[in-house]
Peer 1: 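Sharing a structure below in structure tokens format, with a few things to ask.
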Amino acid sequence: MIPTPDDVWRAAERIKGIAQTTPLLNSPVLDEMSGCTLFAKAENLQVTGSFKIRGAGNRLVQLSAEQRKTGVVAFSSGNHAQGVARAARHVNCPAVIVMPSDAPQVKIEGVRRDGADIVLYDRNAQSREEIAANLVEMRGAVLVPSYDDPNIVAGQGTTGLEMVQQARALQTTFEHVIVCAGGGGLGSGMSLAFEAIMPGTELWTAEPEGHDDWARSLNNKTLLANPPGTRSICDAILTPQPGNIPFEIARSRFAGGLVVSDEQVKWAMQVAFSHLKLVLEPGGAVALAAALYALPDHMRGSTVGITLSGGNVDPQLFADCLLA
């Protein structure tokens with residue numbers, strides 16, 4: 001099932017009390033650096049430190065009483081894991097999260113704090129999908145995907161709904177919006193909100209080099225995967241390829257994709273810390289990096305919205321990025 005704008009509206013009602021409204025920030029320094037009027041949606045300040053609680057909350061509040069007894073299973077490198085763990089605690093159901101053994105420690109600790117069980121795996125030798133499927137069968141649990149699910153997409157789309165409402169309160173309109181992209185649940189959900197109430201906005205994905213599957217897929221109008229083994233510091237958005245549901249939504253709604261280097265992501269993290277006083281994880285800084293270092297010429301002088309999608313970064317990595 002492909003979600004609609006109405007599903008985003010309903011999700012916004014369901015997640016009240018689970019997710020919070022995050023600020024839309026502007027800095028004259030960033031305007032000057034980017035050559036546009038830049039507004040940043042600070043989802044790194046969201047509950048659990050990323051937008052993922054929105055989709056997880058929308059999915060889990062709809063569980064039946066029986067499903068809440070048997071619980072849920074999810075697989076994630078961290079942000080979706082934390083979102084599911086927190087939403088499961090909110091609805092009082094057990095959760096098991098399959099996480100790579102090299103996931104950032106801060107994300108593993110966040111999942112444990114919310115009471116979820118963790119199953120670690122070797123991402124180079126084991127299949128998280130197979131592990132999760134076995135757990136679902138053994139426990140009679142519900143699988144909660146990180147992006148290829150209509151309720152997850154609708155929940156993430158509430159980020160875009162808030163952005164539009166906040167822009168209107170400021171009496172401004174976005175000409176472009178750049179979204180950090182992994183599986184695509186955030187961007188595709190946001191596109192539903194923008195299409196309904198700010199339809200003139202062009203949406204763009206932002207990705208690290210080597211993981212530009214969205215840019216290539218949008219350009220070729222077909223799903224394309226990343227080469228296996230390609231790495232980046234942007235752990236939160238290193239998905240093999242765009243999700244089927246997100247791509248079906250986004251293929252006709254996105255203008256294209258922007259690509260940045262890991263070095264540019266580190267510089268963006270420095271800029272966010274210095275001028276917005278915000279802590280971003282690498283994957284959460286990709287849209288800012290694109291606005292600062294990869295903005296197409298035709299966007300110069302326009303009003304641009306970006307997502308700062310997460311702030312769950314290990315202290316040592318953050319320190320290394322600030323000193324890069």
Peer 1: Keeping to residues at least two apart or across chains, list the side-chain hydrogen bond (donor to acceptor under 3.5 Å, both in side chains) pairs with something in residues 307-324.
Peer 2: N79-N312, Q316-D320
Peer 1: Any donor-acceptor pair under 3.5 Å linking the side chain of R68 with the backbone of A88?
Peer 2: no
Peer 1: Supply the atom-to-atom distance L288 CG to M269 CE, rounded to the nearest 0.5 angstrom.
Peer 2: 10.5 Å
Peer 1: Is it true that the side chains of T158 and R54 contain a donor and an acceptor less than 3.5 Å apart?
Peer 2: yes
Peer 1: Kindly compute the distance separating OG1 (T21) from CG (L45), expressed to the nearest 0.5 Å.
Peer 2: 12.5 Å
Peer 1: Should the pair W267 and Y293 be assigned to parallel (<30°), tilted (30 to 60°) or perpendicular (>60°) ring geometry?
Peer 2: perpendicular
Peer 1: Can you find a heavy atom in the side chain of F254 that is under 4.5 Å from one in the side chain of W214?
Peer 2: no
Peer 1: Can you give each donor-acceptor pair under 3.5 Å made by side-chain atoms of residues 34-41, sequence neighbours left out, with the distance rounded to 0.1 Å?
Peer 2:
unit_1, atom_1, unit_2, atom_2, d
S34, OG, L30, O, 2.8
S34, OG, D31, O, 3.4
S34, OG, C36, N, 3.3
S34, OG, C36, O, 3.4
K41, NZ, T22, O, 2.7
K41, NZ, T22, OG1, 3.1
K41, NZ, E162, OE1, 2.7
K41, NZ, Q166, OE1, 3.0

Peer 1: Hey, what do you get for NZ (K107) to NE2 (H80), rounding to the nearest 0.5 Å?
Peer 2: 12.5 Å
Peer 1: Hey, what's the ring geometry for W204 with H298, parallel, tilted or perpendicular (30° and 60° as the breaks)?
Peer 2: tilted
Peer 1: Less than 3.5 Å apart, any donor N or O on the side chain of D122 or S101 sitting next to an acceptor on the other?
Peer 2: no
Peer 1: Between F75 and Y121, does the ring centre distance come in under 6.0 Å?
Peer 2: no
Peer 1: If I compare all heavy atoms of P94 with all of K69, which pair ends up nearest, and what's the gap?
Peer 2: CG-O, 3.7 Å
Peer 1: Report whether V96 and L63 are members of the same hydrophobic cluster (ILVMFWY, side-chain heavy atoms less than 4.5 Å apart, transitive linking).
Peer 2: no
Peer 1: Find out whether D235 and P104 are in side-chain contact, i.e. whether some heavy atom of one side chain is under 4.5 Å from a heavy atom of the other.
Peer 2: yes
Peer 1: For the residue pair D262 and S232, what are the closest heavy atoms and their distance?
Peer 2: OD1-OG, 2.7 Å
Peer 1: Is it the case that one hydrophobic cluster holds both V106 and F318, taking links as side-chain heavy atoms less than 4.5 Å apart, direct or via other members?
Peer 2: no
Peer 1: Measure from the side-chain N and O atoms of D149 to the backbone N and O of I152, and report whether any donor-acceptor pair falls under 3.5 Å.
Peer 2: yes
Peer 1: With the side chain counted from C-beta on, respond yes when L223 and P242 share a heavy-atom pair under 4.5 Å apart, and no when they do not.
Peer 2: yes
Peer 1: Of V304, T201, V164, which is the lone residue that meets side-chain contact (heavy atoms from CB on, under 4.5 Å) with V177?
Peer 2: T201
Peer 1: Applying the side-chain contact (heavy atoms from CB on, under 4.5 Å) criterion to P3, which one of N151, V8, I245 satisfies it?
Peer 2: I245
Peer 1: Nearest 0.5 Å, please: how far is CZ in F194 from CE in M198?
Peer 2: 6.5 Å
Peer 1: Less than 4.5 Å apart, any side-chain heavy atom of I233 and any of P208?
Peer 2: no
Peer 1: Determine all donor-acceptor pairs shorter than 3.5 Å in which one atom belongs to a side chain in residues 178-192; sequence neighbours excluded.
Peer 2:
unit_1, atom_1, unit_2, atom_2, d
S188, OG, G184, O, 2.7
S188, OG, G185, O, 3.3
S191, OG, S188, O, 2.6

Peer 1: So which heavy atom on R89 is nearest to which on D114, and how close?
Peer 2: NH1-OD1, 3.0 Å
Peer 1: Taking all atoms of both residues into account, what is the closest heavy-atom pair of Q156 and G55, and its distance?
Peer 2: OE1-N, 2.8 Å
Peer 1: Roughly how far, to the nearest 0.5 Å, is the OG atom of S27 from the NZ atom of K277?
Peer 2: 9.5 Å
Peer 1: Quick one: NZ on K221 to OG on S252, what's the gap to the nearest 0.5 Å?
Peer 2: 9.0 Å
Peer 1: I'd like to check T303 versus T173 (side-chain heavy atoms, cut-off strictly below 4.5 Å). Are they in contact?
Peer 2: no
Peer 1: Restricting to non-hydrogen atoms, name the atom on L278 and the atom on A42 that form the minimum distance, rounded to 0.1 Å.
Peer 2: CD1-CB, 4.3 Å
Peer 1: Can you tell if the side chain of I108 reaches within under 4.5 Å of the side chain of M99, non-hydrogen atoms only?
Peer 2: yes
Peer 1: Is R10 paired with E13 through a side-chain N to carboxylate O contact shorter than 4.0 Å?
Peer 2: no
Peer 1: Heavy-atom distance under 4.5 Å between the side chains of I53 and I18, does that happen here?
Peer 2: yes
Peer 1: Locate the shortest heavy-atom distance separating P100 from R123; write the atom from each residue and the value.
Peer 2: CG-NH2, 3.4 Å
Peer 1: Compare all side-chain heavy atoms of R139 with those of T70 and state whether any distance is below 4.5 angstrom.
Peer 2: no
